[in-house]
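Below is one structure, written out as structure tokens, with a few remarks after it.
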Amino acid sequence: MNKAKKKLSEISSVLFREEVTYGEIFETVKDYKALLEKATSINFEDSQTSENIFTEAGKAIGPKWAGLCVDDVFRTQKFCKGLLKAVYEKQKEKPSKKIQILYAGTGPFATLALPLVTIFSPDEISFTFLEINKLSFKGLQETISYFGIENYISELHHCDATTYKVNPEKHIDIVVIETMMSSLKGEHQVAITFNLINQLPKNVLLIPEDVSLHVLAVNSERRFANKISSEEPITYFKKLGTLFTLNKSEILKHSDKYFKEFPNYEFPEKKILIPRKLVQNFDELHVETSITIFKDEILKIDESGLTTLDNFHLFRSMMTPSKYLVSTYMCGQKPGLYFNFKN
């Protein structure tokens, strides 16, 4: 085991631990980021690393921003733990068989999958890595070499994962996709998930297994008080309804129409009632991004940049609100939720 992989093993043991303090996780993720930055020749201060790639299906972030995602402490920890649990789940289903993992949008480090190589041998797991950004792809190749994990790699592709064709001879067991912002806006998460799940067997495990967007009525004063309170949590929101859900069952439900209209599919409208008395207790509407990574690995509100509440409407003082909020998730170059109000 080389020194880099030995250090990775120490980091992974904390990331995977069930009982751990925030301080331990914070320091461990900081160490992980420092280790990953040694793995590549990328100069993250170079303006080139900030350049995003825009396709018909949205935006793929540059290597600088992908690298910064590592700093999102609970995102990094919980995705790594969720993926580990998914591998264990598949091993129960397929004892003595190698588990094949497809990871789309790896960035320069394959951050969420890399710790697995400290737990499993190349006979137990293998990876297919997909990355669209040329500089990130170069960094990914360097990362693989730095940790000496070439024998874990089944396939490595510099490609657009929204249109990538899965090798039909591959028996993919787990697919990992984390190419999103809060509210699933702008980036490729929906397009990649639809493309890959449509090509994979029904029993494939999807990480994250569910991303749901809900509309919340929020009391901004109570929200601020809750943030600074060290006492019991203060209730500051009321959930009004679900706007959009991305999971395997929803993908199967919409796949035919989605691919006929790709990349510009519009999901069916959702109509949410806004009670008249709502403005007496709440002053804002927000989108909540709820992420179930795998089973009990869940990212909570404001626990990650992915689950930060997204404020999209302010109720005007002394004005009766519209009766309904109507929304649709629209795909295309600027994917995301689009809203209007109706009486």
Side-chain angles (χ1 to χ4, degrees), residues 40 42-72 75 79 102-112 128-143 156-166 175-199 208 211 213 243-244 246 251 254-255 257-267 287 289 291 304-308 310 312 327-339:
T40 83
I42 296 174
N43 175 10
F44 288 96
E45 299 305 313
D46 190 319
S47 61
Q48 239 189 328
T49 66
S50 300
E51 293 175 4
N52 302 318
I53 293 173
F54 296 90
T55 75
E56 289 186 328
K59 175 178 70 177
I61 59 175
K64 179 176 182 176
W65 315 121
L68 287 173
C69 290
V70 183
D71 298 325
D72 194 331
R75 166 201 173 271
F79 265 91
L102 172 58
Y103 185 176
T106 60
F109 304 132
T111 307
L112 308 178
T128 295
F129 286 152
L130 313 180
E131 174 53 46
I132 190 173
N133 185 286
K134 186 177 181 179
L135 198 52
S136 285
F137 187 74
K138 177 190 174 189
L140 177 64
Q141 292 173 303
E142 291 175 337
T143 297
L156 192 62
H157 296 284
H158 174 216
C159 66
D160 180 351
T162 69
T163 55
Y164 170 76
K165 299 301 180 187
V166 178
V175 58
V176 186
I177 310 160
E178 199 288 86
T179 55
M180 65 178 127
M181 291 178 64
S182 63
S183 300
L184 290 173
K185 60 185 176 186
E187 296 187 29
H188 282 150
Q189 186 77 19
V190 173
I192 294 174
T193 307
F194 263 80
N195 179 47
L196 297 181
I197 290 299
N198 187 61
Q199 300 178 65
V211 181
L213 307 181
L243 303 170
F244 181 75
L246 182 66
I251 289 166
H254 294 282
S255 278
K257 289 184 178 178
Y258 175 88
F259 288 105
K260 281 179 185 175
E261 299 177 28
F262 178 82
N264 297 311
Y265 180 61
E266 294 183 19
F267 286 84
V287 176
T289 307
I291 302 175
S304 159
L306 302 178
T307 57
T308 301
D310 190 357
F312 71 93
S327 81
T328 184
Y329 191 92
M330 297 172 64
C331 302
Q333 293 181 10
K334 294 184 178 179
L337 289 169
Y338 289 81
F339 302 101

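Residue numbers count from 1 along this sequence. Here the structure is a predicted model, which means the values were calculated and not measured.
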inquiry  = As a quick check of understanding, evaluate side chain to side chain contact (heavy atoms under 4.5 Å, CB included) for Val175 and Ile197, giving each step before the final call.
reply    = CA-CA 8 Å; Val175 58; Ile197 290 299; 3.8 Å; yes

ask   = Which distance, rounded to the nearest 0.5 Å, do you find between the NE2 of His254 and the CG of Leu246?
value = 10.0 Å

message = If I take atom CD from residue Gln48 and atom CD1 from residue Ile42, how far apart are they, to the nearest 0.5 angstrom?
response = 10.0 Å

With sequence neighbours excluded, what pairs up with [X] under the side chain to side chain contact (heavy atoms under 4.5 Å, CB included) test?
X      : value
Ala104 : Leu130, Ala161, Ile177, Ile192, Leu196
Thr55  : Ile53, Ala57, Ile132, Asp160, His188
Asn195 : Tyr164, Gln199

When you measure from the side chain of [X] to the backbone N and O of [Y], does any donor-acceptor pair fall under 3.5 Å?
X      : Y      : result
Glu131 : Thr106 : yes
Thr128 : Leu102 : no
Thr143 : Pro108 : yes
Glu178 : Met180 : yes
Arg75  : Cys69  : yes

Would you call [X] and [Y] a side-chain contact if the rule is heavy atoms closer than 4.5 Å?
X      : Y      : result
Pro335 : Val190 : no
Phe339 : Leu243 : yes
Leu306 : Phe79  : yes

remark   = With sequence neighbours left out, the residues meeting ring pair (Phe, Tyr, Trp, His ring centres under 6.0 Å) with Phe194 are Tyr258, Phe267

Residues, nucleotides or ligands: over 12 heavy atoms within 6.0 Å of Glu56 CD = no

key: Residue list, side chain to side chain donor-acceptor pair (under 3.5 Å) with Gln333, at least two apart or on another chain   = none

query = Which pair of non-hydrogen atoms, one from Ala110 and one from Phe129, has the smallest distance, and what is that distance?
reply = CB-CZ, 3.8 Å

request  = Over all heavy atoms of both residues, which pair between Thr40 and Phe109 is shortest? Give the atoms and the distance, please.
outcome  = CG2-CE2, 3.8 Å

request  = Given side chain to side chain contact (heavy atoms under 4.5 Å, CB included), test Val211 with Phe244 step by step and report yes or no.
outcome  = CA-CA 8 Å; Val211 181; Phe244 181 75; over 6 Å; no

task = For side chain to side chain contact (heavy atoms under 4.5 Å, CB included), just list the numbers for Lys185 and Val287, CA-CA rounded to whole Å, side-chain angles, deciding distance to a tenth of an Å, and then say yes or no.
result = CA-CA 11 Å; Lys185 60 185 176 186; Val287 176; over 6 Å; no

inquiry  = Pairing donors with acceptors under 3.5 angstrom, does anything connect the side chains of Asp72 and Ser304?
reply    = yes

Residues forming a salt bridge (Lys or Arg N to Asp or Glu O under 4.0 Å) with Asp71, sequence neighbours excluded = Lys33

Side chain to side chain contact (heavy atoms under 4.5 Å, CB included) between Gln141 and Leu156, intermediate numbers included = CA-CA 9 Å; Gln141 292 173 303; Leu156 192 62; 3.8 Å; yes

